[in-house]
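First up is the structure itself, then whatever we jot down about it.
Ligands are counted one by one from 1 in listed order, and the atoms in each one are counted from 1 as well. No experiment lies behind these values; they were computed from the predicted model shown.
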Amino acid sequence: MTKTAAIIGGGVIGGGWAARFLLNGWDVRVFDPDPEAERKISEVMDNARRSLPGLSDVPLPDEGTLSFHAELADAVAGVDWIQESVPERLDLKLKVYKSLQEACDPGAVIGSSTSGFKPSELQEGALRPEQIVVTHPFNPVYLLPLIEVVPTGANSAEFVQKAKDLLTSVGFFPLHVRKEIDAHIADRFLEAVWREALWLVKDGVATTTEIDEAIRMGFGIRWAQMGLFETYRVAGGEAGMRHFMAQFGPALKWPWTKLMDVPEFTDELVDMIADQSDAQSGMHSIRELERIRDNNLVGMMRALKAQDYGAGAVLNKHDAALKPGALPTLDEADLSQPIRTLARAVPLDWTDYNGHMTESRYLDAFACSTDRFMEIAGCDSDYIASGGSYFTAETHIRHLDETHAGAKIEVRTQMLLGAGKKLHLFHSMFEGDKLLATGESFLLHVSLENRRPCAPSAAIEAALARVTEAQASLPYPEGAGNAIRKPA
Ligand SMILES: NC(=O)C1=CN([C@@H]2O[C@H](COP(=O)(O)OP(=O)(O)OC[C@H]3O[C@@H](n4cnc5c(N)ncnc54)[C@H](O)[C@@H]3O)[C@@H](O)[C@H]2O)C=CC1
Ligand SMILES: C[N+](C)(C)CC(=O)CC(=O)[O-]
């Protein structure tokens with residue numbers, strides 16, 4: 001059954017939560033007194049639709065339904081999850097919990113996006129403290145996997161597990177913070193770096209641009225893939241972490257930080273930082289900056305997916321959970337028709353300077369379809385490990401229409417020949433009913449030992465014979481056997 005989330009406070013963070021739930025198939029109800037909330041969330045949704053679905057290599061569930069509610073009680077009645085993302089003021093958050101707990105289901109999870117309040121502070125005086133837990137996200141909430149889950153003794157172990165399971169089901173990585181502390185775990189680092197950066201600007205050591213370069217040209221990229229301790233272990237050389245600590249231990253006593261002291265936010269400092277930031281980034285609107293950020297994040301996270309490491313491993317796990325049912329097996333497919341061999345959204349890093357899916361990615365998509373066809377015919381990873389596989393000998397692609405980031409595409413594959421060592425496939429790529437491209441491939445079965453063509457296993461021959469018989473009455477596809485010719 002479709003699950004429903006209520007988003008209380010639909011600003012920067014609430015909008016991101018709404019997008020994450022909607023694009024993972026949940027219905028979402030929003031309560032926010034701001035008359036601009038609907039416009040803002042619709043703009044966040046536009047950015048989320050172009051970036052999140054393509055991060056997966058399998059289709060996400062159909063998008064849920066978004067509704068806006070004038071009454072808090074209306075928004076929260078009967079929902080599975082309530083995410084509070086109102087401004088960071090304790091009195092306001094406590095007031096909101098009081099009203100919403102009078103109207104919501106006692107079994108619903110009430111998660112708070114608070115950046116720094118401890119869950120015990122949020123539970124104080126609540127009708128049902130056991131229902132409230134910190135679930136602290138990171139901006140953009142629709143892309144970044146981390147959620148800090150901070151419970152107290154008032155939350156049962158079953159409740160915490162249920163909250164973590166629901167978060168995992170929409171692609172998050174719930175990090176269980178075992179001991180509550182102001183600002184949880186990650187924001188303590190952000191706060192340390194932020195405070196240090198304020199001093200560097202105030203003291204005239206560096207501008208906002210120089211500080212950002214110091215981060216993004218070096219340790220920021222390093223942190224993104226390995227974090228802090230694993231990075232420093234490597235920095236210790238062959239002697240590892242112990243050597244690292246021996247070498248840099250004394251620095252802890254040197255004046256390498258001003259963390260013990262905090263600069264005052266005087267008008268002068270605020271103006272200096274705001275002016276430098278305007279000069280650095282003021283040529284872009286916030287929505288443009290969000291798109292630049294999302295393009296970069298998607299590219300980096302897809303690179304981490306290929307390595308199955310860090311955030312990339314979380315994404316792969318989410319794909320695996322979504323995969324059942326996405327593509328048919330040989331037994332599930334209607335073999336009398338071309339077989340669905342690919343279904344996904346166009347990722348941001350598949351688009352180019354013309355603003356559409358770039359040509360090399362068509363080959364990428366058709367190659368995935370060929371791999372899938374081989375897999376369902378029995379040429380799967382076990383078979384390949386046993387020494388047989390197919391090599392592609394020739395490919396011909398026709399580009400018939402454009403498609404763009406976030407678009408849902410599908411490839412259906414007709415087998416034109418599957419006999420002996422020869423395999424001839426014709427892939428058609430669609431966006432809805434629109435034919436975008438065709439890809440024709442001729443493959444040869446080979447022995448991976450001597451790299452020479454040879455007949456496939458009897459099981460593969462039998463599977464291909466089934467497809468041959470079932471597809472025998474399909475017309476020869478328009479465009480098959482084409483070559484580039486001089487116009488008549
Ligand atoms: N902005 C960030 O980078 C992050 C913020 N957070 C946390 O998320 C929470 C929200 O922060 P932002 O989204 O940045 O703030 P925001 O100012 O962008 O959004 C807050 C929204 O709450 C609405 N609101 C105010 N009173 C309300 C009420 N009584 N009921 C319903 N809605 C109400 C406002 O109209 C506004 O749309 C805070 O607790 C913050 O610490 C967490 C992670 C990152
Ligand atoms: C600045 N901040 C404390 C609101 C940051 C966060 O809470 C997390 C984030 O997204 O950086």
Could you check whether [X] pairs with [Y] (Lys NZ or Arg NE/NH1/NH2 to Asp/Glu carboxylate O, under 4.0 Å)?
| X | Y | answer |
| --- | --- | --- |
| Lys40 | Asp32 | no |
| Arg287 | Glu290 | yes |
| Glu191 | Arg195 | yes |

N/O donor-acceptor pair under 3.5 Å between Glu84 side chain and Tyr97 backbone: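 Here the side-chain-to-backbone pair does not exist.
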Backbone of Val205 reached by a side-chain donor or acceptor of Asp203 within 3.5 Å: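 Answer holds: no.
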Side chain to side chain donor-acceptor pair (under 3.5 Å): pairs with one or both residues in residues 232-242, sequence neighbours excluded: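 The answer is none; no pair qualifies.
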Trace of the salt bridge (Lys or Arg N to Asp or Glu O under 4.0 Å) decision for Arg291 with Glu288: CA-CA 5 Å; Arg291 283 191 286 277; Glu288 275 166 2; 5.2 Å; no
Within-4.5 Å side-chain heavy-atom neighbours: Gln225 and Ile221: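 They are not in side-chain contact.
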4.5 Å side-chain heavy-atom contact, Trp26 and Arg20: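 With C-beta onward as the side chain, the pair stays apart.
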Starting from [atom], locate the nearest protein heavy atom and write down its residue, its atom name and how far away it is, to 0.1 Å.
| atom | value |
| --- | --- |
| atom 8 (O) of ligand 1 | Ser113 CB, 3.6 Å |
| atom 11 (O) of ligand 1 | Ile13 CG1, 4.2 Å |
| atom 43 (C) of ligand 1 | Pro137 O, 3.3 Å |
| atom 20 (C) of ligand 1 | Ser85 O, 3.6 Å |
| atom 15 (O) of ligand 1 | Val12 N, 4.7 Å |
| atom 25 (C) of ligand 1 | Pro87 CD, 3.5 Å |
| atom 6 (N) of ligand 1 | Ser115 OG, 3.3 Å |

Summary of salt bridge (charged side-chain N to carboxylate O under 4.0 Å, His left out) pairs that have at least one residue in residues 55-64, sequence neighbours excluded: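 Sorted pair list: Arg49-Glu63, Asp57-Arg302, Asp57-Lys305, Asp57-Arg344, Asp62-Lys408.
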For ligand 2, list all ligand N or O to protein N or O distances below 3.5 Å, rounded to 0.1 Å.
{"from": "ligand 2", "atom 1": "7 (O)", "to": "Ser115", "atom 2": "OG", "distance (Å)": "2.8"}
{"from": "ligand 2", "atom 1": "7 (O)", "to": "His136", "atom 2": "NE2", "distance (Å)": "2.7"}
{"from": "ligand 2", "atom 1": "7 (O)", "to": "Asp187", "atom 2": "OD1", "distance (Å)": "3.3"}
{"from": "ligand 2", "atom 1": "7 (O)", "to": "Asp187", "atom 2": "OD2", "distance (Å)": "2.7"}
{"from": "ligand 2", "atom 1": "10 (O)", "to": "Asn139", "atom 2": "N", "distance (Å)": "2.9"}

Leu144 side, atom CG; Phe173 side, atom CZ - distance, nearest 0.5 Å: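 Atom-to-atom, Leu144:CG and Phe173:CZ are 13.5 Å apart.
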For ligand 1, which part of [X] has a heavy atom less than 4.0 Å away: the side chain, the backbone, both, or neither?
| X | answer |
| --- | --- |
| Phe31 | both |
| Lys93 | side chain |
| Lys40 | neither |

Contact bool for atom 17 (O) of ligand 1 (protein heavy atom, d < 4.0 Å):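 It does not: no protein heavy atom is found less than 4.0 Å away from atom 17 (O) of ligand 1.
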Atom 22 (O) of ligand 1 within contact range, any protein heavy atom under 4.0 Å: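 For atom 22 (O) of ligand 1 the answer is yes, since some protein heavy atom falls inside 4.0 Å.
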Option set Asp34, Asp32, Val86, criterion heavy-atom distance to atom 37 (O) of ligand 1, minimum: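 It is Asp32 whose heavy atom sits nearest to atom 37 (O) of ligand 1.
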Parallel, tilted or perpendicular: rings of His404 and His356 (30°, 60°):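 Ring orientation, 0 to 90° scale: tilted.
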Under the side chain to side chain donor-acceptor pair (under 3.5 Å) test, residues paired with Asp212 that sit two or more places apart: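 Expected list: Gln280.
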For [X], counting its heavy atoms only, list the atoms of ligand 1 lying under 4.0 Å from any of them.
| X | result |
| --- | --- |
| Pro33 | 27 (C), 30 (N), 31 (C), 32 (N), 33 (C) |
| His136 | 42 (C), 43 (C) |
| Gly11 | 13 (O), 18 (O), 19 (O), 21 (C), 37 (O) |

Distance-only side-chain donor-acceptor flag, Gln83 / Thr135, under 3.5 Å: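 Yes, Thr135 and Gln83 have a side-chain donor paired with an acceptor closer than 3.5 Å.
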Under 3.5 Å: N/O of Asn139 near N/O of ligand 1: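 Looking only at distances, the answer is no, because the N/O contact criterion of under 3.5 Å is not met.
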